[in-house]
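In this chain, numbering begins with 1 at the start of the sequence shown.
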Amino acid sequence: MGVSKLDVLYRKLLLTKLFIRGWGKPEDLKRIFEFRKIIGNREKCQTLVSKDYPVFIDKVEEQSDCKILEGHFISPLAHYVPGILPVESLVARFQFIIPRRWNSKHRPVCIHLAGTGDHHFWRRRTLMARPMIKEACMASLLLENPYYILL
């Protein structure tokens, strides 16, 4: 599949006018595009992060219908494209909400990314993750928006 003319125009505009005026350095954008080629290959992408990559569990909370694991890890992107992430995004914080009992051998997990203005886990945990456990016995991984972290 070829690159569309709109895509080429957008990239030229992004590298010249928009990115320079507050979105970062053009060299960083070029590094991101290069890394995108690597992660675009599904086979290669699956081996970028090892199965024993360190994930730290900071708190475990038992609820009546679920277990909530709260933790953090260093973003793997910090290793592959050093200096590209803002300091706030180096450490990814999460809550992993799992049912107390699984209904089958399959263990589905839904990943919930934070939207703009989503300051913490409460809204996604209460309005999406907990109902998913009750209705479908599905676990949820909630990633915190790095700009709203509570230090």
Are any of the side-chain heavy atoms of [X] and [Y] separated by less than 4.5 Å?
X: Thr126; Y: Phe121; answer: no
X: Arg93; Y: Val91; answer: yes
X: Pro99; Y: Cys66; answer: no

Show me the donor-acceptor pairs within less than 3.5 Å that the side chains of residues 67-82 make with the rest of the protein, sequence neighbours left out.
unit_1, atom_1, unit_2, atom_2, d
Glu70, OE1, Gln95, NE2, 3.0
His72, ND1, Asp58, OD1, 3.2
His72, ND1, Asp58, OD2, 2.9
Ser75, OG, Leu77, N, 3.3
His79, NE2, Tyr53, OH, 3.1
Tyr80, OH, Leu48, O, 2.2

How long is the gap from [atom1] on [X] to [atom2] on [Y], to the nearest 0.5 Å?
X: Cys110; Y: Leu142; atom1: SG; atom2: CG; answer: 9.0 Å
X: Leu141; Y: Arg124; atom1: CG; atom2: CZ; answer: 9.5 Å
X: Arg42; Y: Gln46; atom1: CZ; atom2: CD; answer: 7.0 Å

Checklist entry - How close do Leu143 and Phe94 get, heavy atom to heavy atom, and via which atoms? => result CD2-CB, 3.9 Å
Next on the checklist: Taking salt bridge (charged side-chain N to carboxylate O under 4.0 Å, His left out) as the definition, give me every residue that meets it alongside Arg107, ordered by chain and number, with sequence neighbours left out.
Outcome noted: none
Next on the checklist: Using the salt bridge (charged side-chain N to carboxylate O under 4.0 Å, His left out) criterion, which residues pair with Arg130? Sequence neighbours excluded.
Outcome noted: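 Salt bridge (charged side-chain N to carboxylate O under 4.0 Å, His left out) list for Arg130, sorted by chain: Asp65.
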Next on the checklist: Tell me which pairs pass side chain to side chain donor-acceptor pair (under 3.5 Å) where either residue lies in residues 131-140, with sequence neighbours left out.
Outcome noted: His112-Ser140
Item to check | Pairwise salt bridge (charged side-chain N to carboxylate O under 4.0 Å, His left out) hits with a residue in residues 94-106, at least two apart | outcome: Glu62-Arg100
Item to check | Qualifying residues under side chain to side chain donor-acceptor pair (under 3.5 Å), relative to Glu34, sequence neighbours excluded | outcome: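 Listed in chain order: Lys37.
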Checklist outcome for this item: By side chain to side chain donor-acceptor pair (under 3.5 Å), Ser50 pairs with (sequence neighbours left out) Asp52
Checklist entry - Using links of under 4.5 Å between side-chain heavy atoms of ILVMFWY residues, direct or through other members, which residues join Met132 in one cluster? => result Met138
Checklist entry - Asn41: what forms a side-chain contact (heavy atoms from CB on, under 4.5 Å) with it, not counting sequence neighbours? => result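 Asn41: side-chain contact (heavy atoms from CB on, under 4.5 Å) contacts with Glu43, Lys44.
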Next on the checklist: Taking CG in Leu127 as the centre, count heavy atoms belonging to other residues, nucleotides or ligands within less than 6.0 Å. Is the count above 12?
Outcome noted: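 For Leu127, atom CG is crowded (more than 12 foreign heavy atoms under 6.0 Å).
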Next on the checklist: Could you see if Phe56 belongs to whatever hydrophobic cluster contains Leu90? Use Ile, Leu, Val, Met, Phe, Trp, Tyr and a side-chain cutoff under 4.5 Å.
Outcome noted: no
